[in-house]
Protein chains: 2
Amino acid sequence: MSKQKRAGVRQVASLAGVSVATVSRVLNTPDKVSPETAEKVRLAAEQLNFIPNSSARALSTSNTRSIGIVVPTLENLVHAKFLDALESSLAEKNYNLVVSTTRKGAIPESLKIRELVNIGVDALILPGLNHDAELLEYLRKSDISYVFSSVYDDRVADPTIGYDNYALGRKVARYLVSHGHRNILLLSGPLEGNDRTKLRLKGVRDELQQHFAHGYQPPLQILGLDTRSAHDYVCRQLEGSEGTAFSGATALLCLSDVIAIGALLAMEKKGITVPRDMSVVGFDNLEISEFTNPALTTVDLPVTEMGRKIAECVIDHLEHGTPMMSCLLDAELVIRDSVADLRQDSTDAR
Amino acid sequence: MSKQKRAGVRQVASLAGVSVATVSRVLNTPDKVSPETAEKVRLAAEQLNFIPNSSARALSTSNTRSIGIVVPTLENLVHAKFLDALESSLAEKNYNLVVSTTRKGAIPESLKIRELVNIGVDALILPGLNHDAELLEYLRKSDISYVFSSVYDDRVADPTIGYDNYALGRKVARYLVSHGHRNILLLSGPLEGNDRTKLRLKGVRDELQQHFAHGYQPPLQILGLDTRSAHDYVCRQLEGSEGTAFSGATALLCLSDVIAIGALLAMEKKGITVPRDMSVVGFDNLEISEFTNPALTTVDLPVTEMGRKIAECVIDHLEHGTPMMSCLLDAELVIRDSVADLRQDSTDAR
DNA sequence: CTGAAAGCGCTAACAA
DNA sequence: TTGTTAGCGCTTTCAG
């Protein structure tokens, strides 16, 4: 029982007493084959345990049925949730997901994209708007479709499927302001190469400027992209001279939940009660954010829906030539218990 | 500037004034080509922006340079960390990772494996030991290598690269017992289809039996695989009749950090102080586990190292025929602050 | 060291 | 509806 040579169309054809073309047809366009012939072929195929060789098919059709995506890292629940939904939706239509990471930005994205192009992915999913222009031009000239995820911007020509990070930034800031917060400290992960975070930040700043003096810039602290950096930063603030921590801010506006949670845990450790002593909001709505103490008020990003939507869009485009359209997904601010209402009147202002 | 037709070996060959065979050689076996010829070819290739078509190459060589992995879900930081390391290591050697999920077990693993085989992955990485026997037989007969991850077991014929879940279960139980815990409640995610968790559980039970009466079975509560299920379970326990919660256990031995953290947060919410009122240990050492209050004592699974090791092993096998060997990776119990020492004497017993 | 030519396994005109 | 046949773009004997 040594290495079985896998059966090919030829073997199936001869067993079924038809030509290879017919075998190929029952595989791809069954309607163009008489039911009886099709049945014969199927039987033969089953008997020989026939599995079409997808490299050969890819070579012939120049479709690999694989979709590539480049993310900075897999080690991030937001990406993971998105990828999970994406994979599920693609798998349903028999497409494969090839994931590639830039190792948190250590490797140029354009290089990883090129690699995916080289292996022949049919389409590419690229998070955010900022990508190497030359590369994009190349993609356009080649036969490779691409879509930008995690953002929505109807001003760009390329399809964007995601949420409006800028508007969400404004929304969160407005929420804080409406609850009486006037001194807000912004906590962000790395900005470099992350236009989504930048957009949120811009939204926050614009909203705050509108409410306060023109030209007002809320203080901003840039941290790493892990819980530790936020945790350690907050601890350091709190260990310093008492009272002057956070320069008197009443709220920490965190541009991701990972950071918000790090801050929450650090404050708890240092005896700062949230939201009494300090309010906190985040972005992402990770699973755990519902269960922190207090439960975190945060923006629920529709990453699962985004995964589904993108898969749908890309496949529709690939199979029926439907042009890919940008699509704005709703994101809700989910209000929980980490923000204090600082307004004088205790009436429920909406 | 419409659709550029990608240059192929032919074009490169004619531009360089050589045959296609030579072009292919400079690509694959440069030592078998004279330096001058090679240089000419490289120049031509560069000029034409030549990218070898990988479907054609795959068809010719029957190697796709892609490695498949099937996991229950991507939405899990332990998997994500592993996949991240795996992808990085594979990418270094120009291999691609195709991920496939069973949607938390909703789709039979064997089906997803078959799909990966059909698209022609060169090797397969399968978490745990339990897989469809028939399918494994099929993989053996075909030319597809596979390796079991997240486990180590030198008694199985197939290569296993991972940690010894059973021994780790014993280690954790022993630690608790050595700290005076006599009444331990086990909290686990779903057992079905997860032999790693089952092994940990068995290790825990065996260790406990050894210390207590023969036939002793510690109580076990099976939960879901998310934080919520643990959180809600603990809340329910604590809301019931006071004092009888957890049937008097002094420690919660959680078979994953996600569960341990859910428990931790729930207890905090309900005013139970860890470790004073209840001790907690976990498995995984998620990034956040270091920052919970109190910091979680847990088993640090070497998933990053595992990713690297597996990539290395698989590639070595694929490229040099090196037989894949099982490999046991060390996992440490990282002792933090969530376990109380209940022993009478306060001397530091080792 | 290099070239000619025969595939790899499938698809898709084109013809029947 | 079915069969014949010519590729898809690359690798790889086998001669030279």
Side-chain angles (χ1 to χ4, degrees), chain A residues 3-42 44-45 48-66 94 117-120 122 142-143 319, chain B residues 3-42 44-45 48-66 94 117-120 122 142-143 319:
Chain A
K3 245 156 233 175
Q4 305 274 120
K5 186 149 191 147
R6 255 162 68 158
V9 271
R10 262 189 270 280
Q11 284 81 303
V12 175
S14 73
L15 211 185
V18 298
S19 74
V20 292
T22 302
V23 175
S24 177
R25 285 193 199 99
V26 331
L27 255 42
N28 304 301
T29 49
D31 348 311
K32 298 192 169 178
V33 177
S34 83
E36 306 85 53
T37 318
E39 198 45 37
K40 265 196 305 185
V41 172
R42 286 210 192 82
L48 293 174
N49 221 304
F50 168 66
I51 296 169
N53 177 316
S54 42
S55 298
R57 174 178 287 178
L59 179 57
S60 234
T61 61
S62 56
N63 288 145
T64 57
R65 293 193 86 83
S66 65
N94 265 292
V117 171
N118 294 355
I119 68 165
D122 292 343
S142 316
D143 203 15
E319 301 196 338
Chain B
K3 246 159 231 172
Q4 306 272 122
K5 187 151 191 149
R6 256 162 68 156
V9 271
R10 259 189 272 281
Q11 284 81 303
V12 176
S14 72
L15 209 184
V18 298
S19 73
V20 292
T22 302
V23 175
S24 177
R25 283 192 199 101
V26 334
L27 256 43
N28 304 301
T29 50
D31 349 311
K32 299 193 169 177
V33 177
S34 85
E36 304 85 55
T37 319
E39 198 46 35
K40 266 195 303 185
V41 172
R42 284 209 193 84
L48 293 173
N49 223 303
F50 169 65
I51 297 169
N53 177 314
S54 41
S55 299
R57 173 177 287 177
L59 177 56
S60 234
T61 62
S62 56
N63 287 146
T64 57
R65 293 192 85 83
S66 65
N94 266 291
V117 171
N118 294 356
I119 67 164
D122 292 341
S142 316
D143 203 16
E319 302 196 335

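Chain letters run A, B, ... following the sequence lines, proteins first, then strands; residues in each count from 1. Just the heavy atoms: all of them, side chains too, but no hydrogens, waters or symmetry mates, feed the values below.
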Minimum-distance pair of heavy atoms, taken over all atoms of A/V18 and A/K40: CG1-NZ, 4.2 Å
Whole-Å gap separating P (D/dC10) and CG (B/L48): 12 Å
Between C/dC8 (P) and A/Q11 (CD): distance, integer Å: 10 Å
Residue pair A/N118 / B/S54, side-chain heavy-atom distance below 4.5 Å: no
Rounded distance in Å - CD1 (B/I51) to P (D/dC10): 11 Å
Separation of atom CZ in B/R6 from atom P in D/dC10, rounded to whole Å: 9 Å
Those residues of residues 34-42 of chain B lying under 4.0 Å from DNA chain D by at least one heavy atom: none
Separation of atom CG in A/D31 from atom P in D/dT1, rounded to whole Å: 9 Å
Touch class at under 4.0 angstrom, heavy-atom based, for A/V18 against every strand present: sugar-phosphate
Close side-chain approach of B/T37 to B/V26, heavy-atom, < 4.5 Å: no
Reported CZ-to-CG distance for the pair A/F50 and A/L27, which is rounded to 0.5 angstrom: 5.5 Å
Close side-chain approach of B/S66 to B/D122, heavy-atom, < 4.5 Å: no
For B/R25, all residues meeting salt bridge (charged side-chain N to carboxylate O under 4.0 Å, His left out), sequence neighbours excluded: none
Rounded distance (Å) that lies between atom P of C/dC10 and atom CG of B/N118: 12 Å
Heavy-atom check, side chain of B/R57 versus side chain of B/N63, under 4.5 Å: no
Separation of D/dT11 C1' from B/K32 NZ (nearest whole Å): 12 Å
Heavy-atom check, side chain of A/I119 versus side chain of B/R65, under 4.5 Å: no
Rounded distance in Å - CG (A/N63) to C1' (C/dT11): 11 Å
Provide a list of protein-nucleic acid N or O atom pairs under 3.5 angstrom, restricted to nucleotides 4-8 of chain D.
unit_1, atom_1, unit_2, atom_2, d
D/dG7, N2, A/S60, OG, 3.0

Side-chain heavy-atom pair A/P30, A/R42 within 4.5 angstrom cut-off: yes
